[in-house]
2 protein chains.
Amino acid sequence: MNTSPEDYLKNIYIVKETVGKVTTSGLAEKMGITAPAVSDMISKLAKSGHIKNIPYKGFELTKKGEETAINLIRKHRLWEVFLVQELGYEWNKVHDEAEKLEHSSSDELITKLEEYLSFPEYDPHGHPIPDKQGKIIKQKVIPCTELEVGDIAEIREVSDASQEVLGYLTKVGLRLNVKFSVVEKINFDNSVQIEFENQKIFLSEKLAKNIYVRKSS
Amino acid sequence: MNTSPEDYLKNIYIVKETVGKVTTSGLAEKMGITAPAVSDMISKLAKSGHIKNIPYKGFELTKKGEETAINLIRKHRLWEVFLVQELGYEWNKVHDEAEKLEHSSSDELITKLEEYLSFPEYDPHGHPIPDKQGKIIKQKVIPCTELEVGDIAEIREVSDASQEVLGYLTKVGLRLNVKFSVVEKINFDNSVQIEFENQKIFLSEKLAKNIYVRKSS
DNA sequence: GAAAGAAATTAAGCATACTTAAACCTTAAT
DNA sequence: ATTAAGGTTTAAGTATGCTTAATTTCTTTC
Ligand SMILES: [Mn+2]
Ligand SMILES: [Mn+2]
Ligand SMILES: [Mn+2]
Ligand SMILES: [Mn+2]
């Protein structure tokens with residue numbers, strides 16, 4: 001499937017947020033395309049003023065590029081809210097639908113949708129929804145892998161990329177805002193064992209990395 | 001903007017419905033592209049079994065092609081209902097939005113949307129909405145140009161292609177289900193004068209052609 | 001039934017987002 | 001300071017939906 005230039009900007013923004021820095025290969029990996037494709041598009045987006053690029057050195061979004069990225073993220077997350085809250089979708093099915101809808105809705109439509117949904121602040125995975133002006137709440141969260149034994153934490157965000165991860169979380173009863181304590185941590189494989197509602201759950205590194213929490217101890 | 005193969009099928013179906021027969025040039029005109037582009041796509045869609053084509057003679061949808069067309073029309077019309085009924089759009093603004101949304105929504109999403117909207121039978125312009133099985137109500141309607149002086153008629157359908165026409169209709173108070181009588185008909189320019197709710201309105205041919213009615217006298 | 005006119009198709013080429021293969025920088029190790 | 005490794009960019013070429021120009025086919029007219 002063909003990706004739009006907008007999509008590159010969005011993914012640059014998100015990779016920067018979650019990983020810390022964006023590289024050609026990192027972005028290619030995330031988007032499921034090859035490095036030359038990314039390199040190509042970066043040049044184009046640099047020409048159009050959405051990206052500041054120094055070949056072989058690195059690139060970053062300009063103000064203009066960031067605005068475009070945030071606007072697309074806004075559309076994505078509002079659609080996700082609609083799908084879950086109004087149409088009754090499971091939270092692990094909405095990402096792919098929103099990925100398409102975000103490109104097919106005018107700003108005006110999104111303004112109306114936002115009002116229809118009563119201005120939600122977070123999407124179904126706990127991600128903040130940018131407002132019309134592009135302002136976005138930045139939550140201070142850490143991945144479960146950074147917790148220590150004895151920590152008490154509350155789930156604030158869950159990565160929405162993997163359907164399997166989200167499906168598994170639902171199965172074991174983990175949702176947003178659930179509070180738990182860390183029972184055991186195995187440095188060996190970066191897994192953690194947690195307890196909540198009187199049950200113990202084992203989180204592999206892969207799982208733990210996708211759950212973002214706020215410590216409350 | 002690039003049109004998808006699906007869109008050709010949809011437009012073939014609609015032109016067939018409204019004009020009676022579909023030609024390469026007719027379709028090109030409707031879709032705002034050139035005849036060679038249509039000719040090209042027809043060949044491709046013939047290969048994939050959506051169209052039966054005899055070069056230089058004509059083409060028509062196969063069963064498979066019609067199913068695809070109807071499914072897209074279904075998506076289009078359900079989105080239009082959503083935009084008007086839920087988001088409060090004017091009926092002359094929804095066509096363009098739906099034109100994009102129809103390509104970005106899975107069958108599953110549309111199933112859920114249809115239920116959410118309580119299974120509407122008609123879209124905001126009076127066009128019937130195909131059900132999940134592709135069954136579609138065929139209304140027997142005639143354009144206003146075919147009315148005679150003295151006829152009493154009720155508006156059943158309005159073409160949704162022209163924003164201006166729809167905007168004008170709203171301005172003069174013409175909506176779906178409005179009943180009127182034909183006061184005068186000028187064969188000269190194919191215009192008609194109608195009366196409803198104690199006001200007389202003049203409909204040019206261009207206008208009259210876009211309003212479909214059911215005679216009730 | 002030949003020729004003119006109209007419509008459709010084919011040909012050649014463009015734009016865009018991709019691919020693999022080759023060339024090019026940068027960096028880190030010896 | 002060289003060199004080797006890795007990541008990045010450029011080169012060359014593909015797929016797709018378009019364009020204009022040329023060609024083919026059909027239809028109408030005489
Ligand atoms: Mn998402
Ligand atoms: Mn999300
Ligand atoms: Mn429409
Ligand atoms: Mn409509």
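Protein chains get the first letters and strands the later ones, always in sequence-line order, with residue 1 at the start of each. FYI, side chains are in, hydrogens and waters are out, and symmetry mates aren't considered; it's all heavy atoms of this structure. Every value quoted in this text rests on a predicted model; they were computed, and no experiment measured them.
Looking at heavy-atom distances under 4.0 Å, Pro36(A) makes contact with a base. No engagement by Ser4(B) is indicated, since no non-hydrogen atom pair under 4.0 Å with the nucleic acid exists. Using a 4.0 Å heavy-atom criterion, one finds that Tyr8(A) contacts the sugar-phosphate atoms exclusively.
Among dA17(C), dT9(D), dG17(D), the nucleotide with an atom closest to any side-chain atom of Lys44(A) is dA17(C). Minimum atom distance to the side chain of Ser39(B) is reached by dA8(C), of the listed dT8(D), dT19(D), dA8(C). Of the candidates dT9(C), dT9(D), dA17(C), the closest approach to any side-chain atom of Pro55(B) belongs to dT9(C). Residue Thr24(A) has its side chain nearest to dT9(D) when only dT9(D), dT10(D), dT10(C) are considered. Of all nucleotides listed (dC18(D), dT16(C), dG7(D)), dC18(D) comes nearest to the side chain of Ile33(B). Of the candidates dC18(D), dA17(C), dT26(C), dC18(D) carries the atom nearest the Ala37(B) side chain, counting heavy atoms from C-beta on.
Along DNA chain C, the nucleotide closest to Asp40(B) and the one closest to Lys57(A) are compared, and the more 5′ of them pairs with Asp40(B).
Enclosure of atom CD in Gln139(B) by more than 12 non-hydrogen atoms of other residues, nucleotides or ligands within 6.0 angstrom is indicated. Counted within 6.0 Å of NZ on Lys112(B), heavy atoms from surrounding residues, nucleotides or ligands total more than 12; the atom is thus considered enclosed.
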